[in-house]
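In what follows, a structure is listed as structure tokens, so that the remarks can point back to it.
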Amino acid sequence: MIKITLPDNSVREYTKGVNGLEIARSISNRLAKDVLSITVNGEVWDLSRPINTDASINLHTWEAKEGKDTFWHSSAHLMAETIEHFYPGTKFGIGPTVDTGFYYDVELPDNKQLTDKDLVKIEQKMLELARQKNPIVRSEISKADALKLFSEKNDELKEELISELEDGTITLYNQGGFTDLCRGPHLPNTSYIKAIKLTSIAGAYWRGDENNKMLTRVYGVTFPKQKLLEEYLVMMEEAKKRDHRKIGKEMDLFTFSEAVGQGLPLWMPKGAQLREQLEMFLKKVQKKYGYDQVITPHIGDVNLYKTSGHYEKYGKDSFQPISTPAEGEEYLLKPMNCPHHCEIYNARPHSYKDLPLRYAEFGTVYRYEQSGELHGLTRVRSFTQDDAHIFCRPDQLKEEFKKVIDIIFIIFKALSFDDYVAQISLRDPNKPEKYIGSPENWDKAEKAIIEACEEKGLNTVTETGEAAFYGPKLDFMIKDALGRSWQLGTIQVDYNLPERFNLEYIGADDNRHQPVMIHRAPFGSMERFVAVLIEHTAGKFPLWLTPEQVVLLPISEKYNDYGQKVLNILNNYDIRTIIDDRNEKIGRKIRDNELKRVPYLLIIGEKEAETGTVSVRKQGDGDKGVMKLEEFAEFILKEVKGQLSGLNN
RNA sequence: GCCGGAGUAGCUCAGGGGUAGAGCGCAUCCUUGGUAAGGAUGAGGUCACGAGUUCAAUUCUCGUCUUCGGCUCCA
């Protein structure tokens, strides 16, 4: 007998060789039906794999990530089996799971390209194979035998993968007539898979290296119930409706023009107004936190970026230098603001008493992103960072870092962003050539970030090898409508630029010392931030951000004079309005989809004109009754303040 | 940059070797008193751009540009 410890720490005894499915069955029939995989002593296993020693276990259903992973992993194998069925001789790369679903990188014979029609065909065949309830069987194999097996299949992709594995750890999985190299775990059989959608085809380099050949990547997602698939498809449709490119167009926020150039956004009046609100908001917060605004040019001498090290990094892959009539003189469109701010710091000597100095600028930068990478406002070639650089003494670093975290919290709170991930990015210690600066300084900087996060009680994930080339950083990632993660706010510690630019301050000991620099951008960039904001709010912005807060609806042109008076008063209160002008000339006709996003409607007719009132409706919240004008203005202002409450202390 | 889709009216899209189509929007007029509406009329297009095949190309072929889904990269 062996002892099995369940997650609630209760212990049960089973005969040696019991498997996950049997354990589940001994607990409840329902669990036995739902369970997909099992964690045994920290390792996720197949349900059918015998357990021969005492173990602590955890059973995973569809609700658990491990359960979904197992499910989708088996689905990837099922898809591979089907692809091999239709295209014998297909070579298989890797077939992992992703956030929603799975993919498989394949190389089809005779340079065959898959089309959407093929996907439908494959889907149907997959369902057919799934229903055959073929058991998925694990077997161990020696490295030599594995290499032999896949070389017989002429699958050099798998051979390459196997050659890197250690002998004795190699396992195969087989279902139906299909055998694949795989660590597992897998479902007991294929019949768990009830609903299948192959979502897209894309090219992907073998092992992610653009020097390697391009494979065909087939994405799919599967579910244990048809209903879950339907829900998923509905969700995807909803997400498409929230796409910031679509809403941005509908609301006239921004546009692109071929004539101007790709990746260069043009902000339309309403979009500019939205952006201005955000800028004003952040400027106000920053003022409170002791920042000073600075302004710097959009270009800089090439040598400035050679000094900073950015040229080495960005030179070839960015916009090429601008030459001038003077020989040998070259300027670069600025890819970042830091060097300019360093030169501001350097403009005069500093005492330790001056620090920290915090220079802020909404600085527009230019980066030549690869053409295939451009995407709406989230990935552009000209964007404005809400940038600031903090120059401080080493002993002030942690404190300053924590204050920046505070600012980011203020912003996220004001906009109800609560599903963010904070990621600490550290250097890869095995690849020192990727980074500039001394290991000692890197250690100090990384320590400061980790401690600041701990002291702020911030939940973080840590990624090694993700640091910037000049220093470690803390990034805040937010998901867009389709669940893709975007980096927004960023805080980066930098011991490196101060050295390169010979930044100094005079300490209390009358000696020269080097300040530490913090780069930070709470929004990240205005472009990306607005994009994510649009998708989060589906275009229904918080009141204080709405390009228009109120629509006036004069009942007929007879009341235009009164309408004009209402407008003037609201303007005095700084309440942004538009007028739906079905009848007359004091406003403009407002499109339906635009109207849906304006929070307040004011109806103006005879009754209102006589009594000096307005009838108020709030979108999605019905009639608010008849109000005196001033009363209404106060009402709106109060709502705005309500949304910003808690930010002003 | 690479692989694969797409580019036709302001928007969403249909069409197809031989006068260019719809819905919505837009313009003008009429109607409309608690609503974001109804009617009539009308204006919008080098069918992304450039070559080629053809008696004839928006349609077929090739190239370029842009755009979409991915890959590498990044705010």
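Residue numbers start from 1 in every chain, and the chains themselves are labelled A, B, ... in the order their sequence lines are given, proteins ahead of strands.
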Within residues 377-391 of chain A or reaching into it, pairs that qualify as salt bridge (Lys or Arg N to Asp or Glu O under 4.0 Å) - sequence neighbours excluded: E369(A)-R379(A), E373(A)-R379(A)
Whole-Å gap separating C1' (rC71(B)) and OH (Y104(A)): 18 Å
Sugar-phosphate only, base, or nothing, as touched by V380(A) at under 4.0 Å among non-hydrogen atoms: base
Consecutive-pair stems (at least three Watson-Crick or G-U pairs, under 3.5 Å) that include RNA chain B: B:1-7 with B:65-71, B:10-13 with B:21-24, B:26-30 with B:38-42, B:48-52 with B:60-64
Anti or syn - rG38(B), cut at 90° from 0: anti
Salt bridge flag under 4.0 Å for residues E250(A) and R597(A): yes
NZ (K565(A)) with more than 12 external heavy atoms under 6.0 Å: no
Atom pair CG/NZ of D243(A) and K249(A) - distance to nearest 0.5 Å: 10.0 Å
Sugar-phosphate only, base, or nothing, as touched by R217(A) at under 4.0 Å among non-hydrogen atoms: sugar-phosphate
Using the 3.5 Å cut-off, write out each protein N or O paired with an N or O of nucleotides 9-13 of chain B and the distance between them.
from	atom 1	to	atom 2	distance (Å)
rU12(B)	OP1	K249(A)	NZ	3.3

Between C1' of rC74(B) and CG of L488(A), the distance in whole Å: 13 Å
Sugar-phosphate, base or nothing in reach of K246(A), heavy atoms under 4.0 Å: nothing
Residues forming a side chain to side chain donor-acceptor pair (under 3.5 Å) with Y562(A), sequence neighbours excluded: none
Sugar-phosphate, base or nothing in reach of Y219(A), heavy atoms under 4.0 Å: sugar-phosphate
Residue S200(A), side-chain atoms from C-beta onward, closest of rG34(B), rC74(B), rG69(B): rG69(B)
Pairing residues for K241(A) by the side chain to side chain donor-acceptor pair (under 3.5 Å) criterion, not counting sequence neighbours: E238(A)
Distance under 6.0 Å and angle within 45° of ring axis: K158(A) vs F92(A): no
Could you list all N or O pairs between the protein and nucleotides 3-8 of chain B that sit under 3.5 Å apart?
from	atom 1	to	atom 2	distance (Å)
rC3(B)	O2	G203(A)	N	3.3

